[in-house]
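Report on the following structure.
Predicted model only: the values in this text are computed from it and were never measured.
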Amino acid sequence: MDPKQEQSVRRRRLHPEGALLLTGMVVLFAFTLIYLYYAYRTRVAFWITAPCLFILSVLAFRFFRFPNRVYPGEEGGAVVAPSDGVVVVIEEVFEPEVLRCNCIQMSIFMSIFDVHAQWVPVEGRATYVRHHSGQYMPAYLPKSSVQNERSTILFETKEGQRVLMRQVAGAVARRVVTYLEEGKWYRHNEDLGFIKFGSRIDLYLPLGSEICVQLDDPVRGNLSTLARLPKSPLQESE
């Protein structure tokens, strides 16, 4: 691993989305253990419950971890993995909701053990940001992209290329959070949002993009380069 990349991964923190839940959980667990310790003379219940609650706490804190990562690659036309996970789709499709044209779909499936924070995948202006209520089917199903709860963000680069991203909730996920606002310019390394529990990310890239990963490849958010955008007509005329 590149030294800059390794250093960026080493610094870790918790995501703000977990602050309230983790605080409430710690307080509840503490009162539960105090009660069990003093309520029963044998304290068997305390010694059985304590390790269980400790393991649950470790898993919860691990889920809301938020590595302070810095993208180590090139700027400009790079499409960076917005989240951790495994690449489950690379195919040409017709995107009917926003782009209304053929494009390359790339999907990343996140298990419950992956970092569930998302980073900005390309440098550009957010020209479309929408949240859609929906169902909670398993995120690995193709129809989850259009039927599950999701947020859709359209980026337009300075060269005029358009990249669409969707945060898609899964069977367990119950909340999709997006921080971006329409009209603002965003760069790599910026915090895009968070999806609570198992979910997926869909990216729709212009045809002709150079794909840098393969199916079933593991990727790391804000570290792995997924693709490089093709030159736009504006660039080719220069």
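Residue F54 is found in a hydrophobic cluster whose other members, listed by chain and number, are V58; membership requires side-chain heavy atoms under 4.5 Å apart, directly or through intermediates.
A 6.0 Å sphere centred on CG of L20 holds no more than 12 heavy atoms belonging to other residues, nucleotides or ligands. For OH of Y37, the number of neighbouring non-hydrogen atoms (other residues, nucleotides, ligands) closer than 6.0 Å is 12 at most. Atom CD of E91 has more than 12 neighbouring heavy atoms from other residues, nucleotides or ligands inside a 6.0 Å radius. Around atom OH of Y179, more than 12 heavy atoms belonging to other residues, nucleotides or ligands sit under 6.0 Å away.
Because its NZ or CZ atom is not both nearer than 6.0 Å to the ring centre of F155 and within 45° of the ring axis, R162 does not count as a cation-pi partner of that residue. Judged by the 6.0 Å and 45° rule, R69 forms no cation-pi pair with Y71.
Ion pair E181/R125 not flagged as a salt bridge, since none of the NZ, NE, NH1 or NH2 atoms sits closer than 4.0 Å to an Asp/Glu carboxylate oxygen. Electrostatic pairing of D114 and R65 does not count as a salt bridge here, judged by no charged N lying under 4.0 Å from a carboxylate O.
Between the CG atom in L164 and the CG atom in L99 there is a gap of 5.0 Å [rounded to 0.5 Å].
With sequence neighbours excluded, no residue forms a salt bridge (Lys or Arg N to Asp or Glu O under 4.0 Å) with E190. Not a single salt bridge (Lys or Arg N to Asp or Glu O under 4.0 Å) links E156 to another residue, sequence neighbours left out.
No side-chain heavy atom of Y204 sits less than 4.5 Å from a side-chain heavy atom of V98. A heavy-atom distance below 4.5 Å is not found between the side chains of Q105 and F94. Side-chain contact between V26 and S57: absent, with no pair of heavy atoms (C-beta onward) separated by less than 4.5 Å.
Under the 30°/60° scheme for interplanar angles, the aromatic rings of Y40 and Y35 are found to stand perpendicular.
For the side-chain hydrogen bond (donor to acceptor under 3.5 Å, both in side chains) with Q167, the qualifying choice from R150, H116, Q118 is Q118, the only one to do so. The side-chain contact (heavy atoms from CB on, under 4.5 Å) with M106 is formed by just one residue from the set D202, V89, V213; it is V213.
Residues M165 and W185 do not share a hydrophobic cluster, defined by chaining ILVMFWY side chains whose heavy atoms lie under 4.5 Å apart.
T49 places no side-chain N or O within donor-acceptor distance of the main-chain N or O of F46, the cut-off being under 3.5 Å. Of the possible polar contacts, none joining the E182 side chain to the K184 backbone as a donor-acceptor pair under 3.5 Å is found.
In summary, the side chains of T152 and R130 do not present any donor paired with an acceptor at a separation below 3.5 Å, with no hydrogens or angles considered.
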